[in-house]
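Okay, structure first, notes after.
What you see is a predicted model; the values in this text were computed from it and never measured.
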Amino acid sequence: MTERKAYFHLPGLFEFCELYRVFLPLWREHREYFYDWCEIGSIYGAPADCIWGGGRVGFGDNDPQAVLALMGEYSVSARLTFSNSLLREEHLSDKLCNALCAEFEKTGGNGVILHSELLLDYLQKNYPGLYFVSSTTKVLTDFRDLENELNRDVFRYVVPDFRLNKAFDRLSTLTDAQKAKAEFLCNECCWFACYDRKSCYENVSRKCLGEACPDHICIAPDSSDGYRFSKAMTNPGFIGIDDIQSTYLPMGFSHFKIEGRSLGSALILEFLLYYMTKPEYQIHVREAIYLDSMLDLF
């Protein structure tokens, strides 16, 4: 187990770029602050007004070239979150999204998180230098569907629905190759019994397309509370650091996704502290972040 690494895929490539401008130098220069069993697998996100966007409505306004330069400086893979499930043929010619794909392909080692088969076919033909991740917005709650998705060569990683996170009797039957592609969503706060998750994601897809539609009404009993990490920790699908070290890594799973693109940078920092930072050094990381006067955390 000591030889296995956990690769975290972090939120906010465009949305929280300024936070990462401060965090990544700490990650490189003070590696003793962080668990030696974890690495940064990628940082994902999308700028505002991307019609291919999905999952959450992007709001980042950082310059793509500057974002890619930062990721390149620290050898971090950058992922575009283009998980819109309702794309039509006429949407494929969008100038902004195509320009982003061209830039991301040019620098190498970058990927796209997606849902649409139409978009997948288009990107394979036009941007073969990108790698592809099957989005959790597909809501793959049937284990057979997950296995079929893991068997698709076109995807480097597949993010299951969080309701399958603890299906260890089935997860243990996966092959090593399948396990290497599974990327678990760790900190989902959504109601575990939710039966309307696809509708929620489709609502976001419509908004990204600019369609006039009412907001999705969440059916969760405590939806008015919003996202709270403390609540996520009580979710039956929550994956904590003890779970990662004692269960997932020994089973052969290495990839873990942290959600949070629609949250504030203060919460993202809490995720970075909890999942990656040794307790005795968390105050050092907090001070370095909070005392940077250029960073607006709230």
Side-chain angles (χ1 to χ4, degrees), residues 6-17 19-21 23-24 27 38-48 50-60 62-85 87 96-116 119-120 122-124 126-138 149 152 154-160 180-187 201 204-205 208 254-263 268 271-272 275-276:
Y7 294 87
F8 288 112
H9 302 273
L10 307 175
L13 179 65
F14 290 89
E15 298 87 345
F16 304 116
C17 187
L19 172 62
Y20 290 117
R21 287 190 195 283
F23 179 77
L24 289 175
W27 172 257
C38 73
E39 299 288 348
I40 298 175
S42 73
I43 303 177
Y44 66 92
C50 284
I51 67 170
W52 294 357
R56 299 290 182 267
V57 177
F59 61 85
N62 285 277
D63 176 70
Q65 292 185 339
V67 169
L68 286 170
L70 178 65
M71 296 300 107
E73 181 180 354
Y74 292 95
S75 302
V76 174
S77 176
R79 292 181 180 178
L80 290 164
T81 306
F82 283 165
S83 50
N84 196 305
S85 62
L87 296 176
L96 171 60
C97 295
N98 276 281
L100 285 166
C101 287
E103 286 291 334
F104 274 57
E105 183 184 45
K106 187 190 307 180
T107 57
N110 301 318
V112 177
I113 305 168
L114 48 78
H115 181 133
S116 166
L119 182 60
L120 175 61
Y122 177 80
L123 295 179
Q124 280 186 282
N126 292 277
Y127 305 102
L130 297 170
Y131 68 84
F132 304 112
V133 181
S134 177
S135 173
T136 193
T137 61
K138 294 180 180 180
E149 198 78 353
R152 297 179 64 183
V154 67
F155 292 122
R156 183 177 295 186
Y157 303 105
V158 174
V159 186
K181 294 173 68 171
E183 185 179 308
F184 294 97
L185 184 58
C186 293
N187 60 329
Y201 285 136
V204 174
S205 292
C208 289
S254 300
H255 293 276
F256 304 91
K257 181 175 183 176
I258 309 301
E259 78 158 35
R261 286 195 301 137
S262 62
L263 305 175
I268 304 304
F271 300 154
L272 298 175
Y275 281 105
M276 304 176 70

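The shortest heavy-atom contact between L68 and A78 is CD2-CB, 4.1 Å. When all heavy atoms of H255 and A180 are compared, the closest pair comes out as CD2-O, 3.5 Å. Contact record, L24 with Y74: O-CE2, 3.7 Å, taken as the closest heavy-atom pair. Residues H9 and Y44 approach most closely at O-CE2, 3.6 Å, considering heavy atoms. The shortest heavy-atom contact between F8 and C38 is CE1-CB, 3.6 Å. Closest of all the heavy-atom pairs between L100 and P64 is CD2-CG, 3.6 Å.
Exactly one residue among M276, E259, K257 makes a side chain to side chain contact (heavy atoms under 4.5 Å, CB included) with L10. That residue is M276. Among I40, L13, N110, L70, the single residue meeting the side chain to side chain contact (heavy atoms under 4.5 Å, CB included) criterion with V76 is I40.
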Practice prompt. Any chance you could lay out the side chain to side chain contact (heavy atoms under 4.5 Å, CB included) test for L87 and W52, step after step, and finish with the verdict?
Written response: CA-CA 7 Å; L87 296 176; W52 294 357; 3.8 Å; yes

Discussion item. Using the rule given for side chain to side chain contact (heavy atoms under 4.5 Å, CB included), can you reason through V133 versus V159, listing the C-alpha separation, both sets of side-chain angles and the distance that settles it, and then say yes or no?
Written reply: CA-CA 8 Å; V133 181; V159 186; 4.0 Å; yes

Discussion item. Test side chain to side chain contact (heavy atoms under 4.5 Å, CB included) on N126 and C101; report intermediate values, then the result.
Written reply: CA-CA 9 Å; N126 292 277; C101 287; over 6 Å; no

Worksheet item: Can I268 and Y20 be said to form a side chain to side chain contact (heavy atoms under 4.5 Å, CB included), step by step?
Response: CA-CA 10 Å; I268 304 304; Y20 290 117; 3.9 Å; yes

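Distance check: L19 CG to L272 CG gives 6.0 Å after rounding to the nearest 0.5 Å. The distance from the CD atom of E183 to the CZ atom of F256 is 10.0 Å, given to the nearest 0.5 Å. Note: Y275 OH to I258 CD1 = 4.5 Å, rounded to the nearest 0.5 Å. With rounding to the nearest 0.5 angstrom, the CG atom of L130 is 12.5 Å from the NZ atom of K106. Going from atom CD1 of I113 over to atom OG1 of T81 covers 4.0 Å, rounded to the nearest 0.5 Å. Note that CG of N187 is 4.5 Å distant from CZ of F271, once rounded to the nearest 0.5 Å.
Applying the side-chain hydrogen bond (donor to acceptor under 3.5 Å, both in side chains) criterion to Y157, with sequence neighbours excluded, gives no partner residue. Judged as a side-chain hydrogen bond (donor to acceptor under 3.5 Å, both in side chains), and not counting sequence neighbours, the contacts of N98 are Y122, Y127. Shown here are the side-chain hydrogen bond (donor to acceptor under 3.5 Å, both in side chains) partners of S116, two or more places apart in sequence or in another chain: there are none. Taking the side-chain hydrogen bond (donor to acceptor under 3.5 Å, both in side chains) definition, one finds that T136 meets it with nothing, sequence neighbours left out. Evaluation of the side-chain contact (heavy atoms from CB on, under 4.5 Å) rule for R156 yields Y131 as partners, not counting sequence neighbours. Residues satisfying the salt bridge (Lys or Arg N to Asp or Glu O under 4.0 Å) criterion with E39, sequence neighbours excluded, are K5, R31.
For the pair E15 and R261, the salt-bridge criterion is met [side-chain N within less than 4.0 Å of a carboxylate O].
H115 and T137 share a donor-acceptor pair across their side chains, judged by distance under 3.5 Å alone.
Remark: side-chain polar atoms of K181 are paired, donor with acceptor, to backbone N or O of R152 under 3.5 angstrom.
V158 places none of its side-chain heavy atoms less than 4.5 Å from the side chain of F132. In this structure the side chain of C17 reaches within 4.5 angstrom of the side chain of V67, judged on heavy atoms.
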